[in-house]
Amino acid sequence: MKPCLKRAERKMRIEKAQEYGATVVFTFSNTVTHIIADKDIKYNEILEFLQLTEIPEGIAVTNPRWPGDCIRYGKLVDPKDFWYQVPGCPTESQQRNPLQDAPISEPIGGHSSLPSSPPSSLQVQPRPPPKQQPETPTNSQKDALDEAIEECLTTTPINIEDFLGSSSSSDTESSPESSPKRRKKASSSSSNSARDWQSHFQCMHKHTGALNPENPNSRTIQILEEMMQIYDSLKDQWRTRSYRIAISTLKSSNTTYISTYEQAISLPGVGDRLAKKIVEIVSTDRLQRLEYAKLDPKDQILKLFHGIYGVGLVQARKFVAAGYTTLEDIKKNATLTEPQRIGIERYSDFKQRIPREEVKQHGDIVSTALKTIDEKVQSHVMGSYRRGAKDCGDIDIILTKEGAGVEELHEVLEKLVEKLFDRKFLMCGLAIARHDDGTKWHGASRLEGEGKPWRRIDFLVVPGEEIGAAFLYFTGNDVFNRSMRLLASKKGMRLNQKGLYKDVVRGKNREKLNEGTLLESKDEKKIFEILGVPYRPPEHRIC
DNA sequence: AGGCAATACTG
DNA sequence: CAGTAT
DNA sequence: GCCT
């Protein structure tokens, strides 16, 4: 539609389409198979422009997201999916309108003509042609193009503005920042902001990890969790973090059904994109990105590879780029570190969950061996075991002794490891302290018997004085820990596995400039106290 | 635009 | 040091 | 992903 080449972005799109084998024509003929309309062009305008009364059978009319998705997913995605529909498109076979179940309360723009009813309500309002996209003057075309495609992909198809009666917003399909309605954050917190600014930290609230089917948002939560799973498996830690936070607030607001954009975006941790996703889930009962992500074979392989101990996102991507598709491929052809080699060898073992009872057995074996080395050294099983989990991903064991320092305990650790290897309990080491003051040992252990799976086991050396901080750290869960640490740093303190420190001087970006002075390290509860966090037993530290 | 926890081990 | 793990 |  209206292929004016002076818009660099559109030109790039056209070129990209051609690159992928499309034939682009500027005049309508019977060779046309798809009509791609700019985002803010309405169906009737297309008819007008083409001087047709209806689009012939078999010709797809889509918005620019469609070619973008095709490239993205490496196949021709269904142009009839509602994401790709042009506003005002005749809803032939009951094309669900994304917002029909989610009436927007009080549109901002003042107009209230929602396209929730059939297209008749969508009168063509002759609009000015799309505004010029202020092109970024820098960068090569390729970069700008990639950005444009990315934008197209990430811009949610439900253009709220269209539905709110955009007065004339200068929005184009790029620039997600142009979201006109910024949060009302500041206004809501005038009097009580000082008091509850810290209540946003997850460590302030009790969680048990139990899901609440009563929550009216359970379906939304379920889908968002799946999406988070995918980002997590792709090691996209920041997106994962955002999803986790958003899901968490959704869980806590278990009295209201969040169904509109306005409702959603007013929640802390829910921004423009997640709000749109929530609306999408509520109105369509699914999430398109999720469905494609589930299918994308590249992601599947990436997930497979990054599941290997010692293989992170970077390595996994390299393996995929190298064309490997199976663990066998990698084992044979790739250059691996020793831990990675073991990681592949024991891939299925390490993926298995460990029953709580077995964790205990491993702990007992360690504990028993320890007694023959030094009576006074204690071992404690930490991690999800301490949180009461029915099964665990690995086994975390703290070695400590009243009054002992790292060096003394490190010696004990070495003896212990040797002894346990002799007993055929330990099967391999994966990451072992280099120095005498090393504090951790990662490896694998196995119960008696050939068929038993190898288990990931970690030993952690903890001086007697630091036992409280260490307990806190190694009990987790990770989210809880990060939350506690973030809170500490916002209060001018620093929390790590050794203790809680004050007077930490931080430069810009919260960069740590000095160590600070120790406040507490031996008593777990006191650390909670000093931070002003209500104490929570391990089983309530699941965020 | 840049942070989002903080630290230890590998190669 | 970058990458990985906790 | 969101927030400052």
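The sequence lines fix the lettering, A, B, ..., with proteins before strands; numbering per chain opens at 1.
L495(A) comes within 4.0 angstrom of sugar-phosphate atoms only, judged by non-hydrogen atoms across all strands, and of no base. Residue D396(A) is in sugar-phosphate contact alone, with no base atom involved, counting any heavy-atom pair closer than 4.0 Å across all strands shown. As judged by a 4.0 angstrom heavy-atom cut-off over every strand, G438(A) is placed among residues touching the sugar-phosphate backbone only. Residue-level contact check: L460(A) touches neither bases nor backbone, having no heavy atom under 4.0 Å from any strand. Nucleic acid contact for A433(A): sugar-phosphate only, since backbone atoms but no base atoms lie under 4.0 Å from a heavy atom of the residue. In this structure, D458(A) reaches the sugar-phosphate backbone alone: every heavy-atom distance under 4.0 Å involves primed, P, OP1 or OP2 atoms, never a base.
The C1' atoms of dT7(B) and dG1(D) are separated by 25 Å, rounded to the nearest whole Å. dT4(C) and dA5(B) are spaced 16 Å apart, taking the C1' atom of each and rounding to whole Å.
For the OP1/OP2 pair of dA5(B) and a distance below 4.0 Å, the side-chain nitrogens and oxygens of R482(A) include at least one atom meeting the criterion. Distances shown here put a side-chain N or O of K277(A) below 4.0 Å from the OP1 or OP2 atom of dG1(D). Here Y231(A) reaches the OP1 or OP2 of dG1(D): one of its side-chain N or O atoms lies under 4.0 Å away. Between R456(A) and dT6(C) there is a side-chain polar atom (N or O) within less than 4.0 angstrom of OP1 or OP2. Dashed line: the shortest gap from a side-chain N or O of N481(A) to OP1 or OP2 of dA5(B) is not under 4.0 Å. Put simply, R434(A) has no side-chain N or O that comes within less than 4.0 Å of OP1 or OP2 on dC9(B).
Of the listed nucleotides (dT6(C), dG11(B), dT10(B)), dT10(B) has the atom at the smallest distance from the side chain of I432(A). The side chain of R241(A) lies closest to dA5(B), out of dT6(C), dA8(B), dA5(B). Considering only side-chain atoms of R494(A), the nucleotide from dT7(B), dG1(D), dT4(C) that sits closest is dT7(B). Taking only side-chain atoms of T439(A), from C-beta outward, the nucleotide of dG1(D), dT6(C), dA8(B) with the closest atom is dA8(B). Listed nucleotides dA5(B), dG1(D), dA5(C) differ in distance to S242(A); the shortest reach to its side chain belongs to dG1(D). Of the candidates dG1(D), dT6(C), dA8(B), the closest approach to any side-chain atom of K498(A) belongs to dA8(B).
For R244(A) and dG1(D), a side-chain-to-base donor-acceptor distance below 3.5 Å is absent, hydrogens and geometry of angles not being considered. A donor-acceptor contact under 3.5 angstrom links the side-chain atoms of Y473(A) to the base of dT6(C).
For the pair D458(A)/K440(A), no side-chain contact is recorded, criterion being any heavy-atom separation below 4.5 Å from C-beta on.
K491(A) NZ: more than 12 foreign heavy atoms inside a 6.0 Å radius.
Taken to the nearest 0.5 Å, the OG atom of S253(A) stands 5.5 Å off from the CG atom of L267(A).
Between H410(A) and A433(A), the shortest heavy-atom distance links the atoms NE2-CB, 4.0 Å.
Side-chain rings of F474(A) and H380(A) stay apart, their centers remaining 6.0 Å or farther from each other.
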